[in-house]
Number of protein chains: 2
Amino acid sequence: MPIPRAAQTQRRTRIQEAKEEQILEAALDVFSMHGFRGATIDQIAEVAGMSKPNLLYYFRTKEAMHRALIERVLDTWLDPLRAFDAEGSPEAEIRSYIRRKLEMARDFPRESRLFANEVLRGAPLIEDALKGPLKLLVDEKAEVIRAWAKAGKIAKCDPYHLIFSIWSTTQHYADFDVQVRAVLGQEKAGEGRFEDAARYLEQLFMGGLAISK
Amino acid sequence: MPIPRAAQTQRRTRIQEAKEEQILEAALDVFSMHGFRGATIDQIAEVAGMSKPNLLYYFRTKEAMHRALIERVLDTWLDPLRAFDAEGSPEAEIRSYIRRKLEMARDFPRESRLFANEVLRGAPLIEDALKGPLKLLVDEKAEVIRAWAKAGKIAKCDPYHLIFSIWSTTQHYADFDVQVRAVLGQEKAGEGRFEDAARYLEQLFMGGLAISK
DNA sequence: CAATAATTTGACCGTTTGGTAAACATTACA
DNA sequence: TGTAATGTTTACCAAACGGTCAAATTATTG
């Protein structure tokens, strides 16, 4: 009797772990490109190099696959913000936050696009996470920023929109990668574009927040 | 014999114009939310309040619908950048560019999301437009910005990444609207959020470019 | 080894999908 | 008003879709 892994009691064999990884890897490819509704199990199976029923042996539904991916991404996606430290200096913290986010856009563009696709369709799967844990985390960090402004360490500004602007400028290099490359052209679109972006963004935010070097 | 409008010779009746508008309006709803592959003709027909074959009488394929939408959006989407004037002052030009882009995010969020969806899936329909006309336009405006920097009117910075950062920060309020609302919470997520964003972004860019008021 | 459990697949099912055919309804206009 | 062009809908089709099933294969273990 085939007992789908998901419904099982405890131990996961090595083969299970490997196959699930293999599936999620393929699913990330497809979901990040076409969104939940635009993705098909057949295509994921093809990318994963296994048969569709085999895929459905590990994840019972398409939604289960998507949910597993989203949860994993959401979890790690906010790490940079969590690392934002109230005790550090504004310059160092904001600088490294930008850098970390930009590194994620460079190293995990599919994860960024998966998230973007989910939000674009109204975020039905992560609405609660956005209104709950995410909001809480942002509220907390916004308070830190506000305190910095009050203490005269940075210019007075809306901390929420500051965070939004860091998110958007950095994630842009993952979500709109095709456009960025097209506009930069062959010469300027090499991997160096991330260094250029980092330099520019640090300049922008340091200046915009009136943080003198 | 039914002759689909698209293949017709010249005159478009009033009813044609109206129905096509009605269809594109519905299609924009669906495509902007679920992307090309995630959208279905049935759903568009339902939103448009007409039967599927009727819809296909005006647009012969799903792709024709999508293409019509994309082309229209692409055309108007770049108007703000075209309005970017080399003769104006850096402060006024950049300010009004930000403002215009932000207004578009506020007034035409679906168009922004349609575009985002298209780029996310690799921009197969607009690849040429991106590499050709768009790149040309950006190259031209980048040159203007570079000249301003050379003349000491603004801080030296990468003009391409400057443009990217204006695109991303403004479009963020359309594409990630759900997330923005969730994070801001009920009190701060009213229509005033666009004014707050405008104020913040102008401050950011004026400071970041070392443009003193 | 035997036998039991876990894994994999080809064949299949009901539904949804993009799209068509043809009949029917409506409008435009001589 | 009559008639031809335009517009609309019902019924339908083949392919693709998400998912199931039972049989076959492979791994695990007593």
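By convention in this document, chain letters (A, B, ...) are assigned in the order of the sequence lines, proteins followed by strands, and residues within each chain are numbered from 1.
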Between OH of Y58(B) and C1' of dG18(C) the distance, given in whole Å, is 20 Å
NZ of K19(B) versus P of dT9(D): gap in Å, rounded? 7 Å
Do NZ/NE/NH1/NH2 and the carboxylate oxygens of E103(A) and R99(A) come within less than 4.0 Å? no
Y160(B) and D196(A) side chains, donor-acceptor separation under 3.5 Å: no
Give the rounded distance in Å between these two atoms: CG of L55(A) and P of dG19(D). 11 Å
Do the side-chain N or O atoms of Q16(A) get closer than 4.0 angstrom to the phosphate oxygens (OP1, OP2) of dT7(C)? yes
Tell me which nucleotide among dG19(D), dG18(D), dT8(D) gets nearest to the side chain of D42(A). dG18(D)
Nearest whole angstrom, please: distance from the P of dG19(C) to the CE of M50(B). 17 Å
The side chain of P53(A) lies closest to which of these nucleotides: dG19(C), dG19(D), dA11(C)? dA11(C)
Students often get this wrong, so: under 4.0 angstrom with heavy atoms, is A64(A) touching a base, only sugar-phosphate, or nothing? nothing
Select one nucleotide: of dG19(C), dG7(D), dT7(C), the one nearest the side-chain heavy atoms of L56(B). dG19(C)
With a 3.5 Å cut-off and heavy atoms only, can you find an N or O donor on one side and an acceptor on the other between the side chain of K62(A) and the base of dG19(D)? no
Short question: side chain of K52(B), backbone of E46(B) - any donor-acceptor pair under 3.5 Å? no
From dT7(C), dC17(D), dT17(C), pick the nucleotide closest to the side chain of T40(B)? dT17(C)
What is the distance, to the nearest angstrom, from the CD atom on Q43(B) to the P atom on dT17(C)? 8 Å
Report yes if the distance between the aromatic ring centroids of H161(A) and Y173(B) is under 6.0 Å, otherwise no. yes
Within less than 4.0 Å of OP1 or OP2 of dG19(D), is there a side-chain N or O belonging to Y57(A)? no
Spacing of R60(A) atom CZ relative to dC21(D) atom P, expressed in whole Å: 12 Å
Assess whether one donor atom and one acceptor atom, taken from the side chain of K52(B) and the base of dG19(C), lie less than 3.5 Å apart. yes
Please figure out whether R37(A) or G49(A) has its closest DNA chain C nucleotide nearer the 5' end. G49(A)
Counting only side-chain N and O atoms of N54(A), is one of them less than 4.0 Å from OP1 or OP2 of dT9(C)? yes
Atom-to-atom span, CD1 of I41(B) to P of dC12(D) - whole angstrom: 20 Å
Under the 3.5 angstrom rule, does the side chain of D158(B) hit a backbone N or O of Y200(A) as a donor-acceptor pair? no
Rounding to an integer number of Å, can you tell me how far I44(B) CD1 sits from dG19(C) C1'? 14 Å
